[in-house]
Undergrad: 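Below you will find the structure I want to go over with you.
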Amino acid sequence: MLSYWNYLTPDQSGFRPNHSTTTALLKVCNDIQAGMEQGNLTGAIFLDFAKAFDMVDHGILLEKLKNSGIGDRTLTWFQSYVSDRSQYVSISGSSSLPLPVTCGVPQGSILGPLLFTIFINDLPNVCKASTVHMYADDTVIYTSKPNLPQLEAVLQEQFTEVEKWIKNNKLFLNTDKTVTMLFGTAPKLHKLQNPHLCVGTKSNGTLTTVTSLKYLGMWLDPNLSFGPHIEKLSTKLYPKLGALYRNKSCLSPAVRKQIVQQMLMPAIDYGDVVYAAAPQTHLHKLTTLYNSFCRFALQCNYMTHHCDMLKELNWPSLESRRTLHLSSLVFKSISGKLPPYLNRLLPPAAPSSYILRSRTSTLLAIPQYKKTVARSSFSYRAPQLWNNLPDIIKSSPSLKSLKSYLLTYLNTECTCKHVT
């Protein structure tokens with residue numbers, strides 16, 4: 001209910017309808033790429049809270065619930081809900097003495113995630129000179145500036161305020177795992193003598209600067225090339241495929257196909273709308289891996305053309321899968337089923353464009369980006385792809401029909417070169 005009151009911050013993507021880790025990744029990466037277009041550096045601090053859900057102070061939580069507008073009777077119910085709880089350990093029929101639970105939200109409960117979201121809801125308020133995005137307790141603070149000194153000054157100021165908020169809310173920050181990362185175009189970073197962010201902590205320590213980081217399941221690198229992500233993805237999946245090959249005699253064709261679809265492909269599909277514009281040298285690695293999946297499913301030889309395999313399996317190519325996923329996101333945005341922070345990145349085109357290009361479907365404005373890295377962003381790729389689709393697809397009455405039309409549209413005769 002609170003989300004409909006516009007109480008929850010738009011900077012929170014966790015435990016909310018139409019939000020996901022993918023939408024959060026698109027938002028953060030798009031902001032960084034927009035900074036690169038302007039010739040700026042972007043500095044980010046990735047916070048790591050120590051046992052965040054277990055450390056929620058009940059008194060502070062109830063005060064925040066009260067400030068959210070909840071009535072006295074409901075507040076009393078919540079007080080009863082979080083109070084007078086105990087916990088114990090039971091092993092092989094032996095149990096420890098119960099101990100009172102004095103803090104934390106009940107995990108495994110329906111209300112637990114909502115209560116934590118309310119508890120951390122006001123964190124972005126202290127970061128007035130930077131952007132904050134959260135997925136539950138996974139929090140990143142970032143800002144873009146023309147040079148490193150300005151960037152460090154703003155981040156230091158913001159981090160100091162965040163440390164005060166953490167102390168006031170009786171949470172704890174794991175400073176060993178809280179890291180900084182510097183983003184920028186390769187030429188911009190190359191000009192720096194020391195591409196390193198210096199952000200100090202209240203204990204007189206300095207946060208570690210990393211050049212590769214796994215954020216919400218995706219590996220980020222300073223140029224957002226997504227090369228490390230694709231490399232690690234390939235490294236993880238090839239051994240799994242090898243293990244399956246060693247046991248192929250135990251698996252029927254239907255089971256092999258099901259294993260690929262349900263156990264292997266989700267890893268490639270995850271976040272593909274984020275890394276879709278990576279250089280072809282990186283994407284080719286995934287295409288080769290996908291072709292290996294097809295060979296395993298069909299048990300065909302190495303010389304079988306990949307288009308023949310896809311046709312027999314009735315599977316789209318990886319490029320077509322990415323097109324399908326990105327088009328689906330645009331359709332959801334037009335239907336009002338994406339977070340506001342992504343909807344704002346896909347404004348409709350000017351009225352004159354409708355007359356010139358289409359009379360039956362929505363066209364989107366394409367930003368005038370010049371740099372390749374900015375043209376890799378969601379705000380550029382999504383409208384460009386959407387506007388070039390046939391009207392019959394853009395005018396689909398439902399997401400299901402859109403996918404059906406798209407799969408038919410993308411399933412054309414193979415004109416590619418032989419890729420094994």
Side-chain angles (χ1 to χ4, degrees), residues 11 13 21-48 124 127 129-135 138-159 162 177-200 206-232 271 273-279 281-282 341-342 345 367 369-381:
D11 302 313
S13 290
T21 54
T22 297
T23 65
L25 280 163
L26 284 171
K27 167 67 165 62
V28 173
C29 290
N30 198 94
D31 288 348
I32 295 171
Q33 289 160 330
M36 293 182 189
E37 169 67 16
Q38 298 169 2
N40 290 337
L41 295 168
T42 298
I45 303 174
F46 295 86
L47 304 180
D48 185 275
C127 297
S130 60
T131 302
V132 177
H133 203 84
M134 301 180 288
Y135 189 91
D138 280 308
T139 304
V140 58
I141 304 166
Y142 57 96
T143 190
S144 297
K145 294 296 176 183
N147 57 63
L148 193 56
Q150 290 183 37
L151 192 59
E152 288 181 334
V154 172
L155 285 177
Q156 182 62 71
E157 176 189 356
Q158 299 296 278
F159 186 64
V162 168
K177 294 183 178 179
T178 296
V179 299
T180 64
M181 195 166 181
L182 184 62
F183 299 91
T185 61
K188 185 80 173 180
L189 293 174
H190 185 70
K191 291 179 181 179
L192 299 176
Q193 292 183 347
N194 183 20
H196 181 277
L197 283 168
C198 184
V199 179
T206 302
L207 297 179
T208 302
T209 297
V210 297
T211 56
S212 183
L213 174 77
K214 192 175 186 180
Y215 172 61
L216 299 180
M218 179 161 289
W219 287 90
L220 304 181
D221 59 281
N223 311 129
L224 290 188
S225 71
F226 300 105
H229 176 74
I230 292 173
E231 184 65 36
K232 291 178 183 293
V273 292
V274 182
Y275 70 72
T281 51
H282 298 322
Y341 57 72
L342 288 189
L345 298 178
Y369 290 154
K370 297 180 180 179
K371 295 182 179 178
T372 301
V373 66
R375 293 187 175 190
S376 301
S377 65
F378 174 75
S379 59
Y380 184 90
R381 290 184 295 110

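Being a predicted model, the structure only gives us computed values, none of them experimental.
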Undergrad: What distance do R381 atom CZ and L26 atom CG have between them, rounded to the nearest 0.5 Å?
TA: 7.5 Å

Undergrad: Within a strict 4.5 Å, meaning less than it, do heavy atoms of the S144 and Q38 side chains meet?
TA: no

Undergrad: Could you give the distance from OG1 (T131) to NZ (K27), rounded to the nearest 0.5 Å?
TA: 5.5 Å

Undergrad: List the steps, then state whether side-chain contact (heavy atoms from CB on, under 4.5 Å) holds for L192 with L41.
TA: CA-CA 11 Å; L192 299 176; L41 295 168; 4.0 Å; yes

Undergrad: So which heavy atom on A278 is nearest to which on S225, and how close?
TA: CB-O, 3.4 Å

Undergrad: Is any side-chain heavy atom of V373 closer than 4.5 Å to a side-chain heavy atom of F183?
TA: no

Undergrad: More than 12 heavy atoms of other residues, nucleotides or ligands under 6.0 Å from NZ of K177: is that the case?
TA: no

Undergrad: Judged by atom type as modelled, is there a donor-acceptor pair below 3.5 Å linking the side chain of N40 to the main-chain atoms of N147?
TA: no

Undergrad: So which atom in T206 and which in C198 form the shortest heavy-atom distance, rounded to 0.1 Å?
TA: CG2-SG, 4.2 Å

Undergrad: Can you tell which of V162, V199, V154 makes a side-chain contact (heavy atoms from CB on, under 4.5 Å) with I141?
TA: V162

Undergrad: Less than 4.5 Å apart, any side-chain heavy atom of F159 and any of L207?
TA: yes

Undergrad: Report yes if some heavy atom in the side chain of L151 is under 4.5 Å from a heavy atom in the side chain of L182; otherwise report no.
TA: yes

Undergrad: Which of these passes ring pair (Phe, Tyr, Trp, His ring centres under 6.0 Å) with H229: Y275, W219, Y215?
TA: Y275

Undergrad: Here's a test for you: under side-chain contact (heavy atoms from CB on, under 4.5 Å), which of V140, V210, T178 qualifies with F46?
TA: V140

Undergrad: Taking the side chain from E37 and the backbone from K370, do they hold a donor-acceptor pair closer than 3.5 Å?
TA: yes

Undergrad: Taking all atoms of both residues into account, what is the closest heavy-atom pair of Q156 and G200, and its distance?
TA: OE1-N, 2.6 Å

Undergrad: Minimum heavy-atom separation for G184 and L189, please, with both atom names.
TA: O-CD1, 3.5 Å

Undergrad: Check whether any side-chain heavy atom of V28 lies under 4.5 Å from a side-chain heavy atom of D31, and answer yes or no.
TA: no

Undergrad: Taking all non-hydrogen atoms of both residues, which atom of L216 and which atom of A24 are closest, and how far apart?
TA: CD1-CB, 3.7 Å

Undergrad: Assign the ring pair H133 / Y341 to parallel, tilted or perpendicular, where the plane angle (0 to 90°) is split at 30° and 60°.
TA: perpendicular

Undergrad: Given side-chain contact (heavy atoms from CB on, under 4.5 Å), test F226 with C29 step by step and report yes or no.
TA: CA-CA 11 Å; F226 300 105; C29 290; 4.1 Å; yes

Undergrad: Return the CE to CD1 distance between M218 and I230, rounded to the nearest 0.5 Å.
TA: 8.5 Å

Undergrad: When you compare the side chain of Q158 with that of T143, does any pair of heavy atoms fall below 4.5 Å?
TA: no

Undergrad: Hey, are the side chains of S379 and Q33 touching, using non-hydrogen atoms and a 4.5 Å cut-off?
TA: no

Undergrad: Keeping the roles fixed (side chain from T208, backbone from V179), state whether a donor-acceptor pair exists under 3.5 Å.
TA: no

Undergrad: Within this structure, what is the CG-CD1 distance for the pair D48 and I45, rounded to the nearest 0.5 Å?
TA: 13.5 Å

Undergrad: Nearest heavy-atom pair of L197 and A44: which atoms, and what distance?
TA: CD1-N, 4.2 Å

Undergrad: Is any side-chain heavy atom of F378 closer than 4.5 Å to a side-chain heavy atom of V273?
TA: no

Undergrad: Does Y369 offer a backbone N or O that forms a donor-acceptor pair with the side chain of R375 under 3.5 Å?
TA: yes

Undergrad: Could you state the interatomic distance from NZ (K188) to CG (N223), rounded to the nearest 0.5 Å?
TA: 13.5 Å

Undergrad: Any chance you could measure T180, atom OG1, to E152, atom CD, to the nearest 0.5 Å?
TA: 9.0 Å

